[in-house]
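Single-structure report; data block below.
Naming: A, B, ... by sequence-line order, numbering from 1 per chain.
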Amino acid sequence: DAGVIQSPRHEVTEMGQEVTLRCKPISGHNSLFWYRQTMMRGLELLIYFNNNVPIDDSGMPEDRFSAKMPNASFSTLKIQPSEPRDSAVYFCATREGGTGELFFGEGSRLTVL
Amino acid sequence: QQQVKQSPQSLIVQKGGISIINCAYENTAFDYFPWYQQFPGKGPALLIAIRPDVSEKKEGRFTISFNKSAKQFSLHIMDSQPGDSATYFCAASTLTGTASKLTFGTGTRLQVTL
């Protein structure tokens, strides 16, 4: 299996622009998580889905952030408008079933100028 | 509210030495405690995990020690090697529910010197 696939790997954009990060989960994994990693705050859970349904989005920092999972093979995290403080590495992670090991993608490094 | 506290923030150990990273949790409902290892430019990957019904779990050079009464758990890396240099995250969650979520510690950057 190819693992969790994230794109783009690197994104540099200007403040105010829309950013869309994409994730393809491992086939058969029905739980999907979006994390943000920064030096100051470590790994923060933004939102997670179970069977394509958002379960908890309490970690989404503001209304500027939104996430969707239209089907079992694809999820997006969108930031509109982006701000410099959104600069971070965003990880998508998936899991088979409700418990157990999380498999992380390699992350999308976002820089907002 | 930080539910999992991790220390130290960084650690330098000589090759062959023992690396020890500590974590403390607050939520007594947590019943699954994994450790993840992250290399630069990569996502975290599961290293080892423990349930609270045992006090210790060993896999090769990696051991988790768990103290339920103190709500603490630690990772010991025996005979540390330069290839172990990475960032280590402890985490905790419940195992019940349809989609239990992991809460991570802030990470420990380990450097193993020659």
Side-chain angles (χ1 to χ4, degrees), chain A residues 2-7 9-10 21 23-26 29-60 69 72 75 88-109, chain B residues 1-10 21-25 27 29-53 57 59 62 64 86-110:
Chain A
V4 177
I5 300 174
Q6 291 187 245
S7 64
R9 290 294 315 278
H10 301 275
L21 308 178
C23 176
K24 177 178 169 56
I26 294 172
H29 285 196
N30 61 350
S31 294
L32 183 142
F33 301 75
W34 281 101
Y35 283 88
R36 177 171 68 176
Q37 185 176 29
T38 61
M39 288 294 293
M40 293 297 294
R41 302 173 69 89
L43 275 166
E44 301 174 275
L45 177 63
L46 301 177
I47 185 171
Y48 68 94
F49 296 84
N50 188 50
N51 292 324
N52 311 336
V53 176
I55 302 299
D56 185 348
D57 64 355
S58 60
M60 296 286 262
M69 192 165 185
S75 178
V89 181
Y90 292 81
F91 286 102
C92 175
T94 70
R95 182 174 64 194
E96 182 180 11
T99 63
E101 181 177 359
L102 273 184
F103 291 82
F104 283 79
E106 296 199 326
S108 293
R109 180 176 293 276
Chain B
Q1 180 186 8
Q2 183 183 359
Q3 295 193 55
V4 180
K5 295 183 179 180
Q6 184 173 347
S7 63
Q9 190 173 6
S10 62
I21 305 171
N22 300 300
C23 282
Y25 62 97
N27 188 344
F30 287 152
D31 54 7
Y32 174 65
F33 303 90
W35 285 88
Y36 280 75
Q37 180 188 54
Q38 183 181 29
F39 293 104
K42 302 294 185 181
L46 179 66
L47 183 63
I48 186 173
I50 196 169
R51 297 287 310 278
D53 52 346
K57 183 174 181 180
E59 290 185 1
F62 300 90
I64 299 179
T87 299
Y88 293 82
F89 293 92
C90 62
S93 75
T94 60
L95 281 177
T96 56
T98 57
S100 58
K101 58 182 182 179
L102 276 177
T103 298
F104 283 89
T106 50
T108 296
R109 181 170 293 184
L110 171 65

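- Between A/F33 and B/L102, every side-chain heavy-atom pair lies at or beyond the 4.5 Å cut-off.
- Taking OH of A/Y35 as the start and CZ of B/F104 as the end, the distance is 4.5 Å to the nearest 0.5 Å.
- To the nearest 0.5 Å, atom CG of residue A/L45 and atom OG of residue B/S93 are 11.5 Å apart.
- Contacts between A/L43 and chain B at a heavy-atom distance below 4.5 Å involve backbone atoms as well as side-chain atoms.
- Distance check, rounded to the nearest 0.5 Å: CD of A/E44 to OG1 of B/T103 gives 11.5 Å.
- Contact annotation for A/M39: only side-chain heavy atoms (C-beta onward) come within less than 4.5 Å of a heavy atom of chain B.
- If you measure heavy-atom distances from A/N51 to chain B, you find no contacts under 4.5 Å at all.
- Residues B/K101 and A/S58 approach most closely at NZ-OG, 4.2 Å, considering heavy atoms.
- At a 4.5 Å heavy-atom cutoff, B/P34 makes no contact with chain A through either its backbone or its side chain.
- Remark: B/Q9 CD is loosely packed, at most 12 non-hydrogen atoms of other residues, nucleotides or ligands lying under 6.0 Å away.
- The two residues B/Q38 and A/F91 come nearest to each other via the heavy atoms NE2-CZ, 3.3 Å.
- Enclosure of atom CZ in A/R9 by more than 12 non-hydrogen atoms of other residues, nucleotides or ligands within 6.0 angstrom is indicated.
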